[in-house]
Amino acid sequence: MRHLLSWSNWSDDEIRELVDFAVYVKGNRTFYNGSMLGRSIAMLFQKTSTRTRVSFEAALTEMGGHAIYIDWMSSNFELTDISFESRYLSRNVSLIMARMKKHEDLVQIAEGSEVPVINGCCNLFHPCQSLADMLTIRMDAGVLAGRSLCYVGVHNNVVNSLIEITAALGVNLVLVTPLANDGAVIDSVIERGKKAGTLSWERDISHAVRNVDYVYTDTWVDMEFFNDPTFADKKKERIELMLPYQLNHHLLANSRAKVMHDMPIHAGYEISKELVNDPRSIIFQQAENRLDAQKAAIIKLLHRNS
Ligand code: CP
């Protein structure tokens, strides 16, 4: 069974093919209307979401199918073996999308499932986001190979998926990551970027953003910890450490880079509000592209596993 838990077991060719297909899907939005008629997917959420929920649900509606929203806390997943519940689920739906706190729990869902599973963002990876990111650059620049992207922020799940997908697509990724989430730096992921020659690190943020095509940032604190009182001290420490790494007009004064952010945005922290609304920001195109990218992933996975 083919899943999309991360890009780790997708070859470069398979990733390139999927991005090309996402471009096609975006350019032919009505072509797949009705293609999911009579079919359902399950969307299981252990964490909060706006974009992931809305874009998957809208994608299914547009394709004539139905997306069933399942809130982890009001389901029976927590009462039993996760793989038993996902095995049951997969007998009712064509595909499962799950947003889990821990990657190992997502793996259990995939192990039990008899249908494809898509990772809707776990602690280690966010492949759907990175697919939409690459679709955004491709639509903006016309090509991917040779483009350059500088990620400024905490090394997190988004970074891991960016390292893997840029390695496959020949996009140069520069990381300015003074901090990493616990367990987020994964040797095999780094190795893929290094082997492709697409991954590098830079300490000097002004130098890093000067000659790249795109700059990208993300929240400094993951969603499940953002309002957690037990994380409050750590959050304060992070903000103090990371504030010099804020994306703003001053930092980008000598850069032609366009601005990306996967949202939700914490204006005044990782990015200034003015920059979000600046003409060089392609943040809202990027968020919109989640819809097309995920349609492409759903269609490809269902076709591959049929
Ligand atoms: N970028 C992203 O995954 O957004 P949500 O957390 O709102 O789904």
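Indexing begins at 1, ligand by ligand and atom by atom, following the structure's order.
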Sequence neighbours excluded and cut-off under 3.5 Å, please list the side-chain donor-acceptor pairs for residues 32-39, or say none.
{"residue": "Ser35", "atom": "OG", "partner": "Tyr32", "partner atom": "O", "Å": "2.7"}
{"residue": "Arg39", "atom": "NE", "partner": "Ser94", "partner atom": "OG", "Å": "3.0"}

Practice task
Decide whether Val276 and Tyr245 are clustered together by the hydrophobic rule: side chain heavy atoms of Ile, Leu, Val, Met, Phe, Trp, Tyr closer than 4.5 Å, transitively.
Solution key: yes

Practice task
Among residues two or more places apart or on two chains, list those pairs meeting side-chain hydrogen bond (donor to acceptor under 3.5 Å, both in side chains) that have a residue in residues 160-182.
Solution key: Ser8-Glu164, His155-Asn160, Asn181-Asp222, Asn181-Arg238

Practice task
Report yes or no: does Asn28 contribute a side-chain atom to a donor-acceptor pair with the main-chain N or O of Tyr24 at less than 3.5 Å?
Solution key: yes

Does ligand 1 have any N/O atom under 3.5 Å from a protein N/O, and what are those pairs and their distances?
{"residue": "ligand 1", "atom": "1 (N)", "partner": "Gln129", "partner atom": "OE1", "Å": "3.0"}
{"residue": "ligand 1", "atom": "1 (N)", "partner": "Asp262", "partner atom": "O", "Å": "2.9"}
{"residue": "ligand 1", "atom": "1 (N)", "partner": "Met263", "partner atom": "O", "Å": "2.9"}
{"residue": "ligand 1", "atom": "1 (N)", "partner": "Arg290", "partner atom": "NH1", "Å": "3.4"}
{"residue": "ligand 1", "atom": "3 (O)", "partner": "Thr52", "partner atom": "OG1", "Å": "3.2"}
{"residue": "ligand 1", "atom": "3 (O)", "partner": "Arg99", "partner atom": "NH2", "Å": "2.9"}
{"residue": "ligand 1", "atom": "3 (O)", "partner": "His126", "partner atom": "NE2", "Å": "2.9"}
{"residue": "ligand 1", "atom": "3 (O)", "partner": "Arg290", "partner atom": "NH1", "Å": "3.1"}
{"residue": "ligand 1", "atom": "4 (O)", "partner": "Arg51", "partner atom": "NE", "Å": "2.9"}
{"residue": "ligand 1", "atom": "6 (O)", "partner": "Arg99", "partner atom": "NH1", "Å": "2.9"}
{"residue": "ligand 1", "atom": "6 (O)", "partner": "Arg99", "partner atom": "NH2", "Å": "3.4"}
{"residue": "ligand 1", "atom": "7 (O)", "partner": "Thr50", "partner atom": "N", "Å": "2.7"}
{"residue": "ligand 1", "atom": "7 (O)", "partner": "Arg51", "partner atom": "N", "Å": "3.0"}
{"residue": "ligand 1", "atom": "7 (O)", "partner": "Arg51", "partner atom": "NE", "Å": "3.3"}
{"residue": "ligand 1", "atom": "7 (O)", "partner": "Arg51", "partner atom": "NH2", "Å": "2.9"}
{"residue": "ligand 1", "atom": "8 (O)", "partner": "Ser49", "partner atom": "OG", "Å": "2.7"}
{"residue": "ligand 1", "atom": "8 (O)", "partner": "Arg51", "partner atom": "N", "Å": "3.4"}
{"residue": "ligand 1", "atom": "8 (O)", "partner": "Thr52", "partner atom": "N", "Å": "2.9"}
{"residue": "ligand 1", "atom": "8 (O)", "partner": "Thr52", "partner atom": "OG1", "Å": "2.7"}
{"residue": "ligand 1", "atom": "8 (O)", "partner": "Arg99", "partner atom": "NH1", "Å": "3.4"}
{"residue": "ligand 1", "atom": "8 (O)", "partner": "Arg99", "partner atom": "NH2", "Å": "3.2"}

Problem - Residues clustered with Leu135, ILVMFWY side-chain links under 4.5 angstrom - result: Val23, Met139

Practice task
Check the pair Asp13, Arg16 against salt bridge (Lys or Arg N to Asp or Glu O under 4.0 Å), reporting the backbone distance first and the verdict last.
Solution key: CA-CA 5 Å; Asp13 282 346; Arg16 275 194 290 268; 2.5 Å; yes

